[in-house]
Amino acid sequence: MKKSSPDRTVDVLHISEAYGGGVQSAIDTYIRHSEGLRHQLLVRGRAEHDSGDEPDVETVHVDGSMLNFYVQAAKRIRRENPKVVHFHSSYAGLLRALPKIRSTVVYSPHCFAFYRSEFPNLLRSIFVGAEYLLAQRRQTIAAVSPHEIAVAHRFSRRRGSTSVRYLPNISSVIPRVGGKPVDESCRNQIPTLVCVGRISRQKDPQFLAQALQNVGSPVRCIWVGDGEAQLRQVLEDAGVYVTGWVTSREAHDHISSADLFVHSAEWEGAPMTLVDAAALGVPILVRGIPHLDGLGFAKGGTTPRELGSSIQRFFSEPDYRTQVSGQAIESLSVHSSGAQRRALAALYQETKEIRSE
């Protein structure tokens with residue numbers, strides 16, 4: 001734990017149960033793009049998902065059960081009494097139920113938990129109900145996508161109780177201006193696809209494996225990450241090379257050397273890996289899910305057959321390749337440092353006037 005400065009008030013206390021991967025990278029960019037504020041973290045991390053992007057601020061790591069995480073988070077909020085407490089992910093967001101929080105409350109779902117299709121319907125319904133009830137408290141929901149904004153508005157029906165703001169994700173890498181020239185986008189002898197993320201039901205590796213069966217010419221596919229053994233076997237049986245967990249730098253190296261980034265997830269928030277790929281100048285094809293509407297990435301279809309056909313088309317039709325590449329480049333205008341800095345300034349300025357009940 002980094003040492004604190006006891007004579008200084010904490011401006012923003014970030015609390016996350018799912019600290020790792022995209023959430024970790026997102027929090028790091030929030031801190032770097034809200035200069036002049038004193039940030040503090042209380043997190044329950046996932047060692048295998050550690051991206052290596054931990055910011056140079058006081059960080060409290062909580063081990064053990066979820067109950068211990070909630071107890072320690074509640075104690076930290078009372079002890080520090082920060083100006084703003086920013087909850088990250090649905091599980092940490094349950095702490096909005098704490099009574100008498102004097103801090104301004106900001107909540108970033110980073111993809112609502114009720115989308116998890118591996119959960120029983122009853123549990124998903126409980127999460128929906130919890131989100132609706134907790135949205136009636138005074139707070140700001142910082143949504144990472146247009147889809148998440150729309151969902152948050154549906155929950156916050158009590159007039160004046162919840163404000164919803166758009167907080168775009170940005171990449172931690174310096175954007176490659178203009179992207180790759182089109183004649184470089186298939187520079188590998190055998191076209192190379194790259195996918196990044198935890199091998200899980202959410203990222204739907206089975207969908208990707210089926211899509212690859214519908215690509216009519218040879219391609220090489222790399223999955224950067226690791227996860228559930230059974231689903232990893234599905235990928236390997238389909239000829240996909242799985243790297244296992246790697247550092248952020250190594251992940252970026254795999255992305256930048258690929259001809260095409262493919263995203264096959266069944267549900268999402270606004271993946272950091274997509275903005276990383278765009279910043280690195282790599283064309284992007286995503287599965288056509290509503291969660292990614294409005295983010296600017298080219299959609300390859302809603303079925304494995306359609307995605308496979310789109311991959312084949314990308315490598316065989318220069319005009320389509322130019323279109324897909326152009327959309328990735330255009331997405332950088334939304335997912336930029338300037339856009340996030342302005343959003344954070346508006347978000348934390350607004351929270352000075354919205355006190356939680």
Side-chain angles (χ1 to χ4, degrees), residues 9-20 23-24 26-27 30 39-46 59-116 119-144 148-165 167 267 269 347-348 350-357:
T9 301
V10 173
D11 292 306
V12 184
L13 171 60
H14 299 271
I15 296 180
S16 173
E17 175 276 333
Y19 191 65
V23 173
Q24 183 175 353
I27 293 174
Y30 298 166
H39 296 263
Q40 187 181 99
L41 276 66
L42 184 141
V43 298
R44 184 172 182 261
R46 302 175 181 179
T59 303
V60 178
H61 289 273
V62 178
D63 298 320
S65 67
M66 280 297 298
L67 177 59
N68 184 53
F69 168 77
Y70 287 132
V71 169
Q72 296 304 316
K75 287 181 178 179
R76 178 64 54 162
I77 293 169
R78 287 195 297 269
R79 171 185 164 184
E80 297 291 347
N81 189 26
K83 295 178 181 178
V84 176
V85 58
H86 193 156
F87 297 113
H88 298 270
S89 82
S90 293
Y91 288 99
L94 294 176
L95 287 162
R96 289 174 291 164
L98 286 172
K100 299 180 181 179
I101 299 179
R102 290 181 290 171
S103 308
T104 295
V105 172
V106 178
Y107 170 48
S108 291
H110 298 290
C111 187
F112 290 104
F114 55 77
Y115 282 122
R116 297 181 62 169
F119 283 174
N121 288 337
L122 177 59
L123 181 56
R124 296 174 69 182
S125 297
I126 290 172
F127 271 109
V128 170
E131 291 288 354
Y132 176 79
L133 291 174
L134 292 171
Q136 309 318 304
R137 303 201 65 185
R138 296 185 71 85
Q139 65 195 277
T140 299
I141 297 179
V144 295
E148 202 166 82
I149 289 173
V151 174
H153 275 303
R154 289 200 294 271
F155 285 135
S156 55
R157 296 187 181 279
R158 181 177 167 189
R159 186 180 298 275
S161 63
T162 295
S163 171
V164 181
R165 284 195 173 273
L167 179 55
W267 69 91
L347 173 69
Y348 291 143
E350 178 182 78
T351 59
K352 294 177 182 178
E353 302 172 0
I354 300 178
R355 306 298 295 179
S356 78
E357 296 173 334

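Side-chain atoms are counted along with the backbone in the values below, which use heavy atoms only and exclude waters and symmetry mates. Throughout, residue positions are numbered sequentially from 1 according to the sequence presented.
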With a 4.5 Å limit on heavy-atom distance, are the side chains of [X] and [Y] in contact?
X: Pro109; Y: Glu148; value: yes
X: Phe119; Y: Ile126; value: no
X: Val23; Y: Val43; value: no
X: Val12; Y: Pro82; value: no
X: Gln72; Y: Val60; value: no

Point-to-point distance, once rounded to the nearest 0.5 Å, from [atom1] of [X] to [atom2] of [Y]:
X: Ser89; Y: Ile15; atom1: OG; atom2: CD1; value: 10.5 Å
X: Arg44; Y: Tyr70; atom1: CZ; atom2: OH; value: 9.0 Å
X: His88; Y: Tyr107; atom1: NE2; atom2: OH; value: 11.5 Å
X: Leu98; Y: Leu134; atom1: CG; atom2: CG; value: 10.0 Å
X: Thr104; Y: Gln139; atom1: OG1; atom2: CD; value: 11.5 Å
X: His39; Y: Ile27; atom1: NE2; atom2: CD1; value: 11.0 Å

Minimal non-hydrogen separation, [X] against [Y], with atom names:
X: Val10; Y: Leu13; answer: CG1-N, 3.9 Å
X: Ser90; Y: Cys111; answer: OG-O, 4.0 Å
X: Ile101; Y: Leu95; answer: CD1-O, 3.7 Å

How are the rings of Tyr30 and His110 set to each other: parallel, tilted or perpendicular (split at 30° and 60°)?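 The arrangement is parallel - the two ring planes meet at less than 30°.
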In this structure, which one of Tyr91, Tyr132, Phe112, Tyr115 forms a ring-ring contact (aromatic ring centres under 6.0 Å, His included) with Phe127?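 For Phe127, the ring-ring contact (aromatic ring centres under 6.0 Å, His included) test succeeds with only one of Tyr91, Tyr132, Phe112, Tyr115, which is Tyr91.
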Partner of Glu131 under salt bridge (charged side-chain N to carboxylate O under 4.0 Å, His left out), chosen from Arg96, Arg137, Arg124: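 Result for salt bridge (charged side-chain N to carboxylate O under 4.0 Å, His left out) with Glu131: Arg96.
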Spell out, as yes or no, whether a donor-acceptor pair under 3.5 Å connects the side chain of Ser108 to the backbone of Ala142.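 A pair under 3.5 Å: yes.
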Indicate whether the side chain of His61 and that of Tyr19 have a donor and an acceptor atom separated by less than 3.5 Å.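 The criterion, which ignores hydrogens and geometry beyond distance, is not satisfied for Tyr19 and His61.
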Can you confirm whether or not the ring centre of Phe155 sits under 6.0 Å from the ring centre of Phe114?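 Yes - the distance between ring centres of Phe155 and Phe114 falls below the 6.0 Å cut-off.
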